[in-house]
Protein chains: 2
Amino acid sequence: MKPFSSYQNPSLAVDLVVFGYSKQQLSVLLLNRKEAPYQDGWVLPGAFLQMEERFRDTCSRVLKTKLGMDDVYMEQLYSFDEPERDPRGRAIAVAYYALVNPARVAIAAGSMANDVAWFNIKELPELGFDHRAIFDMAVQRLRSKITYFPVGFELLDEQFTMPELHELYECILDTTIDRRNFRRKILDSAYIISTGTKREGAQNRHPDLYTFNKQLKQNSFQINV
Amino acid sequence: MKPFSSYQNPSLAVDLVVFGYSKQQLSVLLLNRKEAPYQDGWVLPGAFLQMEERFRDTCSRVLKTKLGMDDVYMEQLYSFDEPERDPRGRAIAVAYYALVNPARVAIAAGSMANDVAWFNIKELPELGFDHRAIFDMAVQRLRSKITYFPVGFELLDEQFTMPELHELYECILDTTIDRRNFRRKILDSAYIISTGTKREGAQNRHPDLYTFNKQLKQNSFQINV
DNA sequence: CTATCTTTGCGTCAGATTAACACAAAGATG
DNA sequence: CATCTTTGTGTTAATCTGACGCAAAGATAG
């Protein structure tokens, strides 16, 4: 299948904002560029679309080959088209954001090249291209989304405790939320199911374990900031 | 500025979901195609990106040249990339939706070609390409957006009455909203300002006139369905 | 011109929701 | 064993919401 319009089209790429949550820290995955432009600078991982490839496929390919990750939750964010966004020439980027639990996603041992690193989202280096704008929009989207959709479960283990979920929300929304009111709201929403078991070997008391309710139908909760 | 990637890229186009509100009806603008594919079928207006053009520029160009409209509110919706979405070949579409007040937007007289028509959103013909999916997403986005952002004001006159605003919301959300509770919520939100004047020559009592508050800072209301 | 109807602005009130906070049991700490 | 921290559960007052009443300003009709 060949393109049919009369002029040479801009390059088409995807850029990925990969969020990872670990040890009460929300981080992003950045790549240290080896070539110009922005040589030695940090950028979001990305790739040009290959023939017949869909955006989502390109994203998966990047996650797989550059980062050794499989089976990652992702969502289209926005398309960026400033003519000057890539000094090499006209390039359109369709940005996606991905949510990764580093402990859960199959990250092949040693597969993460040494030019890849996690950065706490509050301590980001300067980014090349227009990647700072892309990142900012991704954070905004994640914050907004998590208040009405249980997107955060992608970042936790299969089973998690209420304090863990609570901490995740406080971390992403960068605010404090009353522990007891949060609990009530989440439980009322039926987004999570108690497994009936408790975590063993915890530091403190053994908190109840929960699972994400995959049967849920519609949005029915609202965490206010 | 030339594209630099090694292979021929897909075609890049924008597709536009143009909403118009008039006489208590929410409508979309459709185009009757003259050529194959989908000859004689209805589709969303759109165009291929021209060199150096940004998505938004392409949208403006379509609105201007095909529909004779200027200065229209629009927002990027989503990017569509199914390989088979255009039978002519690989084509990526970045969809935008636009909000138009037919009485307000400068529509050059007679400039709307006779192959263009407004359709009530509830009585749409079959659409070519994947345009039905694009339209559906646009409606969904508009509905969602209007519940927390005063996007609807783009569809009304500069000055409008409370009953008009109320009707607009009922129409877009396709539901009934208690008139008195709606009034209270909107007024509390400070999204609108009373002009202190009343509409003359109305059919019934002369209702108060309001204006959209352009000074507003943040989202602060929530219309529930 | 007057009786009646419709539209519009403004209120009321019971029930639901929320934010703030108390308390006690389970385990950790030393 | 005394004390501290964590976690599950409640309570309560303030607020918000939804359902609805009412009356004044026109419109409508005989």
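Each chain gets a letter, A, B and so on, in the order its sequence line appears, and its residues count up from 1. All of these numbers come straight from a predicted model, not from anything done at the bench.
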* So, is Arg180(B) near the phosphate of dG18(D), with a side-chain N or O under 4.0 Å from OP1 or OP2? -> no

* Asked: Rounded to the Å, how far apart are Ile177(B) CD1 and dC20(D) P?
  -> 16 Å

* Please report, rounded to the nearest Å, how far the C1' atom of dT7(C) is from the CG atom of Leu165(B). => 17 Å

* Nearest-Å distance for atom pair CG/P, residues Asp178(B) and dC16(D) -> 18 Å

* Any idea which of dA19(C), dC10(C), dG8(D) is nearest the Pro163(A) side chain? -> dG8(D)

* Report the distance from atom NZ of Lys198(B) to atom P of dA27(D), rounded to the nearest whole Å. => 12 Å

* Asked: Which nucleotide, dC20(D), dC21(C), dG8(D), lies nearest any side-chain atom of Met162(A)?
  -> dG8(D)

* Spacing between Arg183(A) atom CZ and dT18(C) atom C1', to the nearest angstrom -> 17 Å

* Salt bridge flag under 4.0 Å for residues Asp174(B) and Lys122(B) -> yes

* Could you tell me whether Asp40(A) and Arg33(A) have a side-chain N and a carboxylate O separated by less than 4.0 Å? => no

* Closest to the His206(B) side chain, choosing from dC20(D), dA27(D), dT7(D) -> dA27(D)

* Are Asp208(B) and Arg183(B) close enough for a salt bridge, meaning some N to O gap below 4.0 Å? -> no

* Asked: In whole angstroms, how far is the P atom of dT17(C) from the CG atom of Asp188(A)?
  -> 9 Å

* Would you say dT8(C) has OP1 or OP2 under 4.0 Å from some side-chain N or O of Arg179(B)? -> no

* To do: Output yes when Asp136(B) and Arg132(B) qualify as a salt bridge under the 4.0 Å nitrogen-oxygen rule, no when they do not.
  => yes

* Asked: Could you state the CG-C1' distance from Asp208(B) to dA25(D), rounded to the nearest angstrom?
  -> 12 Å

* Which whole-number value in Å describes the distance from Asn181(A) CG to dA14(D) C1'? -> 13 Å

* Asked: Is the shortest distance from a Lys or Arg side-chain nitrogen in Glu167(A) or Lys23(A) to a carboxylate oxygen in the other one below 4.0 Å?
  -> no

* Can a donor-acceptor pair under 3.5 Å be found between the side-chain atoms of Arg184(B) and the base atoms of dG18(D)? -> yes

* With nearest nucleotides of DNA chain D determined for Leu187(A) and Lys185(B) from heavy-atom distances, which residue corresponds to the more 5′ nucleotide? -> Leu187(A)

